[in-house]
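The structure appears right after this line, and notes come after that.
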Amino acid sequence: TNMFPLIQRCCFNTSFRLQRLTGPRLLLHGRNETAWSSLSLWLQSNVCHLSRSPSLKPASVYSAHLQAFHTSLPVSKKKTPPESEAEAQKHKESLKDAPKPALYLSLGGLIPFVAVPLAMATQGTYYHEAAFAQVTYGAVTAAFLGGMRWGFALPENSPAKPDWLNLANGTVPPLLAWQALLFGDVPQGAVMVVMALGIALHYDVALLPPYPRWFKILRVWGTVVMVLSLLATLTLKLIFEEQGREGKSKLQN
């Protein structure tokens with residue numbers, strides 16, 4: 001009865017374990033090599049006989065149970081939903097991801113803004129006609145940005161609805177641009193255009209999240225360049241006019 005569990009365990013263990021378990025006992029009971037080998041053969045024959053008996057389960061069944069017992073549960077890895085992956089990809093977008101036509105045309109549209117203060121600084125003279133043309137171009141740009149919201153909200157499959165908020169906000173920049181031209185004065189018109197550009201930027205960045213991220217970045221940088229160009233023109237106007245007053249006062253004295 002004491003040997004049966006050992007023999008049953010040997011049915012699905014290797015012969016190395018059988019020898020390791022039975023070896024020390026055999027060395028204690030017998031000093032003769034012949035006795036050890038005969039007893040080992042007797043054990044192996046009895047083990048094989050017991051393994052063939054229908055009352056015992058095969059070794060493969062025990063090994064399968066042992067594998068099932070020792071196998072740890074698979075770690076469930078949470079798969080990232082496709083929506084979160086798309087959102088993460090959108091957050092990684094930059095100006096490099098912008099379509100080339102949109103990028104180059106936007107950069108080209110900034111040339112009239114930058115050219116006016118650059119020409120004035122190079123010549124050292126304030127040109128009223130050039131400054132007023134810059135304000136007019138800024139008013140046209142603000143009106144274009146307002147109309148772009150209408151073009152984005154009107155299609156049927158657009159994420160922006162053609163409701164009062166979107167369409168009314170699209171008319172605010174053109175109205176401010178029209179008011180800037182009514183002044184007929186460069187400083188007042190430039191300030192009104194700066195307000196129109198800032199409001200249009202706020203609409204595009206904050207109120208319309210469906211816009212692509214590269215477009216929002218392009219809008220931010222474009223608005224910064226336009227506003228700085230208008231402010232540079234006003235600054236040069238003040239500087240050159242002050243220099244002209246000083247020159248006239250020196251000539252009178």
Side-chain angles (χ1 to χ4, degrees), residues 90-91 93-95 97-99 101-121 126-154 158-239:
K90 287 182 180 179
H91 287 300
E93 291 181 355
S94 61
L95 283 179
D97 301 320
L103 180 61
Y104 294 152
L105 290 174
S106 299
L107 294 177
L110 297 176
I111 293 176
F113 286 100
V114 180
V116 173
L118 185 61
M120 291 182 183
Y126 172 73
Y127 298 102
H128 176 76
E129 293 78 9
F132 188 77
Q134 183 189 30
V135 173
T136 304
Y137 183 71
V140 173
T141 304
F144 168 76
L145 295 174
M148 186 172 58
R149 174 177 284 271
W150 277 61
F152 184 75
L154 289 181
S158 175
K161 297 180 180 180
D163 51 10
W164 284 98
L165 179 64
N166 286 324
L167 298 184
N169 289 337
T171 60
V172 172
L175 289 175
L176 294 176
W178 171 71
Q179 186 66 33
L181 295 179
L182 283 180
F183 284 132
D185 184 56
V186 171
Q188 294 179 357
V191 172
M192 191 63 66
V193 170
V194 168
M195 291 176 57
L197 293 175
I199 292 173
L201 177 64
H202 171 69
Y203 289 160
D204 292 340
V205 174
L207 298 184
L208 270 185
Y211 274 147
R213 181 174 173 79
W214 62 263
F215 179 74
K216 293 182 179 181
I217 298 174
L218 189 62
R219 287 283 292 109
V220 170
W221 284 107
T223 303
V224 169
V225 173
M226 289 185 283
V227 170
L228 290 179
S229 300
L230 291 168
L231 295 179
T233 300
L234 296 180
T235 304
L236 291 174
K237 180 180 185 298
L238 296 176
I239 292 174

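Residues Leu103 and Leu107 form a side-chain contact, since some pair of their non-hydrogen atoms from C-beta on lies under 4.5 Å apart. Under the 4.5 Å side-chain criterion, counting only non-hydrogen atoms from C-beta, Pro159 is in contact with Phe152. Within the 4.5 Å cutoff, the side chain of Met192 has no heavy atoms near those of the Leu181 side chain. The side-chain heavy atoms of Leu110 and Met226, taken from C-beta on, include a pair separated by under 4.5 Å. Residues Trp221 and Val225 are not in side-chain contact: their nearest non-hydrogen atoms beyond the backbone lie 4.5 Å or more apart. Within the 4.5 Å cutoff, the side chain of Ser106 has heavy atoms near those of the Leu218 side chain.
Contact record, Tyr211 with Lys216: O-CE, 3.6 Å, taken as the closest heavy-atom pair. Closest heavy-atom contact between Ala177 and Ala139: CB-O, 3.1 Å. The minimum heavy-atom distance between Ala142 and Ala196, with the atom names listed, is CB-CB, 3.8 Å. Annotation for Val193 and Val135: closest pair CG2-O, 3.7 Å, computed over non-hydrogen atoms. When every heavy atom of Leu236 is checked against every heavy atom of Ala121, the shortest pair comes out as CD1-N, 4.1 Å. Shortest non-hydrogen contact noted between Pro117 and Ala232 is CB-CB, 4.0 Å.
Ring pair His128/Tyr126 is perpendicular by interplanar angle, where above 60° counts as perpendicular and below 30° as parallel.
Take Tyr137 and apply the side chain to side chain contact (heavy atoms under 4.5 Å, CB included) test, not counting sequence neighbours, and it matches Pro112, Phe113, Thr141. Residues satisfying the side chain to side chain contact (heavy atoms under 4.5 Å, CB included) criterion with Thr235, sequence neighbours excluded, are Ile239. Evaluation of the side-chain hydrogen bond (donor to acceptor under 3.5 Å, both in side chains) rule for Thr223 yields Arg219 as partners, not counting sequence neighbours. In this view, Thr233 and Gln134 satisfy the side-chain hydrogen bond (donor to acceptor under 3.5 Å, both in side chains) rule, not counting sequence neighbours.
Counting only residues at least two apart or on different chains, the side-chain hydrogen bond (donor to acceptor under 3.5 Å, both in side chains) pairs with a member in residues 168-196 are Asn169-Tyr203. Residue pairs that meet the salt bridge (Lys or Arg N to Asp or Glu O under 4.0 Å) test with at least one member in residues 101-114, sequence neighbours left out, do not exist here.
Taken to the nearest 0.5 Å, the CG atom of Leu154 stands 6.0 Å off from the CG atom of Leu167. Here Ile199 contributes atom CD1 and Leu145 contributes atom CG; the two are 12.0 Å apart, rounded to the nearest 0.5 Å. With rounding to the nearest 0.5 Å, the separation of CG in Asn166 from CG in Asp163 is 4.5 Å.
The 12-atom threshold is exceeded at CZ of Phe183, counting heavy atoms of other residues, nucleotides or ligands nearer than 6.0 Å.
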